[in-house]
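Let me begin by presenting the structure, written as structure tokens, before commenting on it.
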Amino acid sequence: METRLIKKELLPGLIKGLADDTLVYAPVQEEDDVFFRVLEKDMEPLAEFGNTKNAPKNFFFPQAETMMRFMKKERGSELEGTPGDAPEAVLFGVRPCDARSFVLLDFVFNDPKYRDPYYMERREKTTIVSLACVHPPYSTCFCTSMGGHPFSPEGADVLLVDMGNDWLAECVTEKGEKLIEKLGDLPRADDEVLARKKDMAEQAASEITTKVPGKEIKPWLDENFDHPFWDTVHVGCLACGTCTYLCPTCHCFDITDETKDSEGRRVRSWDSCMYWLFTRETSGHNPRPSQKERWRQRFMHKFKYFVDNYDAIACVGCGRCVRYCPVNIDIRKIAQDIAKL
Amino acid sequence: MEKNPYVPMPVNVDKIITEVTTKDIKTFRFSFVNKEDEERFSYLPGQFAELSIFGKGESPIGIASSPTDKGYVEFTVQKAGVVTSELHSLAEGTLMGIRGPLGNTWPLDYLEGKNVVVVGGGFAFTTLRSLTNYMLSEENRPRFGKITVVYGAREPGLLLYKDELALWEKRDDIDMYVTVDKGDKDWEGREGFVPAVCKEVAPSSENAVALICGPPIMIRFTLPEFFNLGFSKENIFTSLEMRMKCGIGKCGRCNVGSKYVCKDGPVFSLAELDELTPEY
Ligand SMILES: Cc1cc2nc3c(=O)[nH]c(=O)nc-3n(C[C@H](O)[C@H](O)[C@H](O)COP(=O)(O)OP(=O)(O)OC[C@H]3O[C@@H](n4cnc5c(N)ncnc54)[C@H](O)[C@@H]3O)c2cc1C
Ligand code: SF4
Ligand code: FES
């Protein structure tokens, strides 16, 4: 694995430089929050921040996207075309938890039987640069409980570690190596730096003190679909959907048609299991009639169903849903409470 | 290039048959505009497809024709909401789209060499019709044992595929029991609810498999009859419905426990359903 050093103050400039001829998505400050944005000429990418408010999933799986266009013809509407190829892109500044979410989303969208062409086209053409969490930024972080690590390279092409005066760049994939080559002639990191990084990684992980049971509660979930505990989880839930929209691993979507005059498009947009319409059938029958069943679905999907299907928990422990839930429903506490039952 | 699984294949609406006196159930016969699509749409009984009308949307509908019927595919659709109402207003000769085939099939390999009991109620007979025609075709008939069909509707005017039922009745390699809850003055056939007819017919569970589709209430009363006859949960199959969008296990809405009805279903044995959460 190639490891290089980048002078601390040079990094934002190098990233800006990439944006001259490549599409670059990077974290930028907007008022009190940090968001991933397409980096425009006058924008400064952030390299030092907690985490972005939005998960980076939208670059591969946008909140709304055109799947195909159609046109009304004499004998009925006909297909006009599907979106063209995606440009090569760099996604800079992803936290290791969010980078891991791509590995989980790949299970769904890169399923060998039905590959999702929209997601995969952008995913394959994008190089992901993640930033290790030298000091995990929030008290709500719990990646270490979900199989992640603040220094994990999983899902990234390049992992950057803030070493004080330099960024240590670890090329994780060939794609990552190509990107680092493009940044110019960078010095190799020596053994001292790599040893120091190892210590820092241990220190970072030890700073995450919240322990959330993950696979430990799977046997309970397997047996207790009807347990009275499920009557307590959703209490207060407004069904706003914030948790599912901010979640880096939530992938549910809707497909709808829009028309104007004789033209139209079929659109895919994020949907949420928190909404009553999500499973409501035309007959009026709804297999998940109340917020109780919907919350059970959200939790079970992440901690049981996804594990059954892909042997991984569909939560990376980013803590967004905990921080932004307007009524303070806390997925960590649900898991912890189950462990006590 | 790999095909985009969301893009429907263009089809021509060749024929529209109004099946019932209430006029809200029609069978649509489609042919593919492109020959390659016909080959790509290689299906087996039990599967479904998304019927697509640009500007309105898509609906998942079971395939009612049999793969042994060459040159066309058929779907029987009840008028319900936006897409199905638009379908019902179409004229023959219209172009629209279908996407599929999707989902699993009736357990054809498992049925081979066994006696097959087909039980249908109301308009949930569509993929069972596909299966029956498939088994009755010349090339397939020797692969299966005795075939028994119990099919019921509320009243004679609500029975689907009447001409075909009459043809099946004439054959000696299938036992037909068509029933209505209540007959009318012209009805000379059987009267009685499906569960009661199943009890009376009492198909042997010896080397036999039952495939049951119908309204929930019919299924609820029919299952005990089959358990009494000695059918195990491994030998009773049904087909589930859940609201769907993608049909390929991605949009996340049609799961029952860990299984997606669109991808892992819609056909499940009762034994398999016991393993899943009762949320459908
Ligand atoms: C595997 C499968 C096979 C089916 N086979 C048949 C059939 O052979 N004949 C038939 O008439 N109907 C069948 N249905 C039910 C049919 O899909 C719904 O009646 C239909 O989608 C209603 O769509 P709509 O646009 O008219 O209604 P709207 O209420 O306007 O639909 C909104 C959307 O919700 C979804 N939806 C609503 N209800 C259902 C439902 N019960 N199941 C799945 N998706 C739903 C669809 O995506 C639909 O486009 C089947 C459903 C499934 C899942
Ligand atoms: S469930 Fe919550 S903590 Fe877990 S990945 Fe999603 S938003 Fe982050
Ligand atoms: S319909 Fe999308 S997952 Fe089944």
Side-chain angles (χ1 to χ4, degrees), chain A residues 67-82 108-109 111 113-120 225-226 250-259 262-266 268 271-273 277-283 285-288 293 296-297 300-301 304-309, chain B residues 1-13 33 50 52-59 78-85 90-91 93-97 102 216 240-260 262-264 275-280:
Chain A
M67 306 179 85
M68 61 201 85
R69 298 184 175 284
F70 50 83
M71 174 90 84
K72 200 165 183 165
K73 300 264 172 72
E74 209 176 309
R75 288 173 55 207
S77 288
E78 291 179 35
L79 182 73
E80 283 284 293
T82 50
V108 177
F109 290 115
D111 165 53
K113 185 156 183 222
Y114 296 110
R115 275 164 54 96
D116 188 281
Y118 307 98
Y119 174 95
M120 287 311 296
F225 186 78
D226 289 318
C250 278
H251 60 81
C252 293
F253 60 83
D254 197 2
I255 300 176
T256 45
D257 286 5
E258 288 175 1
T259 44
S262 60
E263 285 175 346
R265 56 183 195 140
R266 185 157 286 170
R268 147 152 102 186
D271 206 341
S272 171
C273 59
L277 256 179
F278 190 62
T279 49
R280 187 186 181 274
E281 292 165 21
T282 314
S283 62
H285 172 65
N286 194 339
R288 295 184 207 131
E293 292 82 18
R296 179 171 57 193
Q297 162 65 20
M300 284 279 200
H301 185 210
K304 168 174 160 56
Y305 307 153
F306 209 83
V307 182
D308 282 339
N309 287 324
Chain B
M1 211 188 70
E2 215 176 326
K3 268 285 185 184
N4 180 331
Y6 297 99
V7 172
M9 312 172 197
V11 291
N12 182 62
V13 183
V33 171
E50 290 281 351
S52 169
I53 302 179
F54 283 133
K56 297 293 175 188
E58 298 185 312
S59 273
Q78 183 178 43
K79 185 170 166 175
V82 176
V83 177
T84 53
S85 299
L90 293 185
T94 307
L95 284 183
M96 52 174 279
L102 302 168
L240 294 190
E241 278 187 24
M242 284 285 275
R243 183 169 176 158
M244 293 184 178
K245 282 288 171 177
C246 71
I248 54 176
K250 306 212 187 301
C251 77
R253 93 186 46 232
C254 74
N255 71 296
V256 176
S258 309
K259 301 281 183 208
Y260 284 106
C262 66
K263 188 170 70 127
D264 306 310
E275 296 290 306
L276 301 180
T277 60
E279 203 173 36
Y280 46 85

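Residue numbers start from 1 in every chain, and the chains themselves are labelled A, B, ... in the order their sequence lines are given, proteins ahead of strands. Just so it is clear, the values below take in all heavy atoms, side chains as well, and ignore hydrogens, waters and symmetry mates.
- B/Cys246 touches chain A through backbone and side chain together, each having a heavy atom under 4.5 Å away.
- Between chain B and the options A/Gln297, A/Lys304, A/Arg266, A/Glu281, heavy-atom pairs under 4.5 Å are most frequent for A/Arg266.
- Interface remark: of the candidates A/His251, A/Arg75, A/Glu258, A/Arg75 forms the most heavy-atom pairs closer than 4.5 Å to chain B.
- Neither the backbone nor the side chain of A/Phe306 comes within contact range of chain B, judged by heavy atoms closer than 4.5 Å.
- A 4.5 Å side-chain heavy-atom check between B/Asn4 and A/Met67 finds every atom pair outside the cut-off.
- The choice from A/Thr256, A/Thr82, A/Thr279, A/Val307 that makes the most heavy-atom pairs within less than 4.5 Å of chain B is A/Thr279.
- When all heavy atoms are compared, the tightest approach of B/Lys79 to B/Ser85 is CG-OG, 3.7 Å.
- Counting heavy-atom pairs closer than 4.5 Å to chain B, the top-ranked of the candidates A/Asn286, A/Asp257, A/Asn309, A/Leu79 is A/Asp257.
- Heavy atoms closer than 4.5 Å to chain B are found nowhere in A/Arg265, neither backbone nor side chain.
- The parts of A/Ser77 that come within reach of chain B are both its backbone and its side chain, each placing non-hydrogen atoms under 4.5 angstrom from that chain.
- With a 4.5 angstrom heavy-atom cutoff, B/Ile53 touches chain A only via backbone atoms.
- Of the two parts of A/Phe225, only the side chain, counted from C-beta on, holds a non-hydrogen atom closer than 4.5 Å to a non-hydrogen atom of chain B.
- Using a 4.5 Å cut-off on side-chain heavy atoms (C-beta onward), B/Phe54 and A/Thr259 make no contact.
- For the set B/Thr84, B/Val256, B/Asn12, the count of heavy-atom pairs under 4.5 angstrom toward chain A peaks at B/Asn12.
- Of the residues considered (B/Gly57, B/Gly249, B/Ser59), B/Gly57 shows the highest number of contacts with chain A, using heavy-atom pairs under 4.5 Å.
- Heavy atoms closer than 4.5 Å to chain A are found nowhere in B/Lys259, neither backbone nor side chain.
- Proximity to chain B is limited to the side chain of A/Met68, based on heavy atoms less than 4.5 angstrom apart.
- When A/Cys250, A/Gly76, A/Pro287, A/Ser283 are compared by the number of non-hydrogen pairs under 4.5 Å with chain B, A/Pro287 comes out ahead.
- Residues B/Tyr6 and A/Arg268 form a side-chain contact, since some pair of their non-hydrogen atoms from C-beta on lies under 4.5 Å apart.
- Using a 4.5 Å cut-off between heavy atoms, A/Glu78 touches chain B through backbone and side chain atoms alike.
- When the salt bridge (charged side-chain N to carboxylate O under 4.0 Å, His left out) test is applied to A/Asp254, the partners found at least two apart in sequence or on another chain are B/Lys245, B/Arg253.
- Across A/Asp308, A/Asp116, A/Asp271, the residue that shares the most heavy-atom pairs under 4.5 angstrom with chain B is A/Asp116.
- Proximity to chain A is absent for every atom of B/Met96, based on heavy atoms less than 4.5 angstrom apart.
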